[in-house]
There are 2 protein chains.
Amino acid sequence: MSFIALSAQQTAELSRQLIDQGLIVAPESAKGRLLKSAARLFRTNGYERTTVRDLAKDIGIQSGSLFHHYPSKQEILRSVVEETILLNIETMKLSLSLNQGVRDRLYGLILCELQSILVDNGAEMAVLVYEWRGLNDENQSEILKLRDEYERLWIDVLEEAREQNLIVIPPAMLRRLLTGSISWSINWFKPDGDLSLEALAEMILSMALNTSKP
Amino acid sequence: MSFIALSAQQTAELSRQLIDQGLIVAPESAKGRLLKSAARLFRTNGYERTTVRDLAKDIGIQSGSLFHHYPSKQEILRSVVEETILLNIETMKLSLSLNQGVRDRLYGLILCELQSILVDNGAEMAVLVYEWRGLNDENQSEILKLRDEYERLWIDVLEEAREQNLIVIPPAMLRRLLTGSISWSINWFKPDGDLSLEALAEMILSMALNTSKP
DNA sequence: CCACAAAGCAAACGCTTGTTTTTTAGCTCA
DNA sequence: TGAGCTAAAAAACAAGCGTTTGCTTTGTGG
């Protein structure tokens, strides 16, 4: 296995950079803690079912006080989604830069997405996947641009795999099937169970690649 | 391709039987139309976002009048979910009885589930998949028994595939990955587009089966 | 034809929602 | 010290929610 994983140091450095650029807020700030709580609650109970009172209680303030930080609940969701996708794009780019072989590159993408969805630290991804409808039209199209960039990373790698006859299903289609498999894992995967994230990624990779018969 | 598909006549006969047994309500009855509307609206906008007023308007009555048919909104969701899973279990059993080879059996299951999720007639399945959290604890465990029966059908076929070395991923795991791919299709599949349901099922099948290298 | 139940209307109920307003407390820096 | 900020509390707001109420209409079997 030649795969080069991201070190904790590298990912830490990455989020620090994004904070410095003002693209995401520092997690230890008031806003940061709010976003973290929001992501967790939205993931656990869904956007609609999570009330601003739930959210306020979780970080220990009154519900009205939330609106000193964000103008609306909707804006909180937007921030959560935007931060998540921004961080994910950069993480994935970094992983791609470290690995050259198609197999490793694809494995890296799968692992990144799984990590983002399943590891507590990345609760926000689930929101992006499942609470899409909670965003209003304006915010959806704003996020859409980021999403396109994100998906492009996947498609490029899958196109490469296609050229090498590692897959037979058209890249765009295969990506959709993989998106489903990966995002669904939030409904059953237990982080402290027997199955590791890496083992799961390996299975998904094998499912994706072995679509070509010799 | 040896696959024997279900005829429209067979599926019609099947739902007639279930109606006669009192397990599901006739679609042309008042209750039936209500359930149909509910399933569609729940799928389109989600359970929480769909109000009883939306629902009432859709079938052309006042919101209060809904409660002559069902004691609560929650109970409407429960009925939608229960009817869906009941019908699906029977449809899948019928498909399995018509096809003997593992490949065809698995293809049949995939097609059934896709049909249930994607075809308008089976809008309810999406609710089962995505609105699970909308059910309260009591209703969840009640539905759980039906779900177990449903999943058993899948696992049995996948076990069979495993014995014949058609798959390498453990059946329970592969089922999860397939559940994700199939259910996710509701987010992108266009019934009147270029891709047919059968072609999609074929792709998913190939992804599922070709996990074994010679 | 009439009694009776089912189905529906119109209006209100109590409660929760996201949000706004007013007030209070603590901090910083000139 | 005190003006000016930020953060939060406290309380209220209108709107919308699921649901209940009292009454009327509709359909049906004896």
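Not measured: the values here are computed from a predicted model.
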Which atom pairs, one a donor and one an acceptor, fall under 3.5 Å between side chains of residues 56-66 of chain B and the rest of the protein, sequence neighbours left out?
from    : atom 1 : to      : atom 2 : distance (Å)
B/Asp58 : OD1    : B/Arg40 : NH2    : 2.8
B/Asp58 : OD2    : B/Ser37 : OG     : 2.6
B/Asp58 : OD2    : B/Arg40 : NH2    : 2.9

message = Please enumerate all residues that pass side chain to side chain contact (heavy atoms under 4.5 Å, CB included) together with A/Glu83, with sequence neighbours excluded.
response = A/Ile24, A/Val25, A/Leu35
request  = Would you list the pairs meeting salt bridge (charged side-chain N to carboxylate O under 4.0 Å, His left out) in which at least one residue belongs to residues 85-94 of chain A, sequence neighbours left out?
outcome  = A/Lys93-A/Glu149
key: Span of DNA chain D in contact with chain B (heavy atoms, under 4.0 Å)   = D/dC17 to D/dT20
message = I want to confirm an ordering. Mapping A/His68 and A/Thr50 to their closest nucleotides on DNA chain C, which one lands closer to the 5' end?
response = A/Thr50
inquiry  = Quick check for you: to the nearest 0.5 Å, what is the distance between A/Tyr150 atom OH and A/Met92 atom CE?
reply    = 4.5 Å
query = From B/Trp184 CH2 over to B/Ile186 CD1, what is the distance, rounded to the nearest 0.5 angstrom?
reply = 10.5 Å
query = Once Watson-Crick and G-U wobble pairs under 3.5 Å are found, how is DNA chain D written in dot-bracket notation, 5' to 3', with | for any base paired to another strand?
reply = ||||||||||||||||||||||||||||||
query = When we call it a touch if two heavy atoms are under 4.0 Å apart, what does A/Ser63 touch: a base, just sugar-phosphate, or nothing?
reply = base
ask   = When you match A/Ser65 and A/Asp54 each to their closest nucleotide on DNA chain C, which lands nearer the 5' end?
value = A/Asp54
request  = Please answer whether the main-chain N or O of B/Thr51 pairs with a side-chain N or O of B/Asp54 as donor and acceptor at a distance below 3.5 Å.
outcome  = yes
message = Any side-chain N or O of B/His69 below 4.0 angstrom from OP1/OP2 of C/dG8?
response = yes
query = Over how many whole Å does the gap from B/Phe67 atom CZ to C/dC9 atom P extend?
reply = 14 Å
Could you pull out every donor-acceptor pair under 3.5 Å between side chains of residues 11-18 of chain B and any protein atom, sequence neighbours left out?
from    : atom 1 : to      : atom 2 : distance (Å)
B/Thr11 : OG1    : B/Ala8  : O      : 2.8
B/Glu13 : OE1    : B/Arg16 : NH2    : 3.4
B/Glu13 : OE2    : B/Arg16 : NH2    : 3.4
B/Glu13 : OE2    : B/Gln17 : NE2    : 3.3
B/Ser15 : OG     : B/Thr11 : O      : 3.2
B/Ser15 : OG     : B/Ala12 : O      : 3.0
B/Arg16 : NH1    : B/Asp20 : OD2    : 2.7

task = Could you check how far CG of A/Leu55 sits from C1' of C/dT16, rounded to whole Å?
result = 16 Å
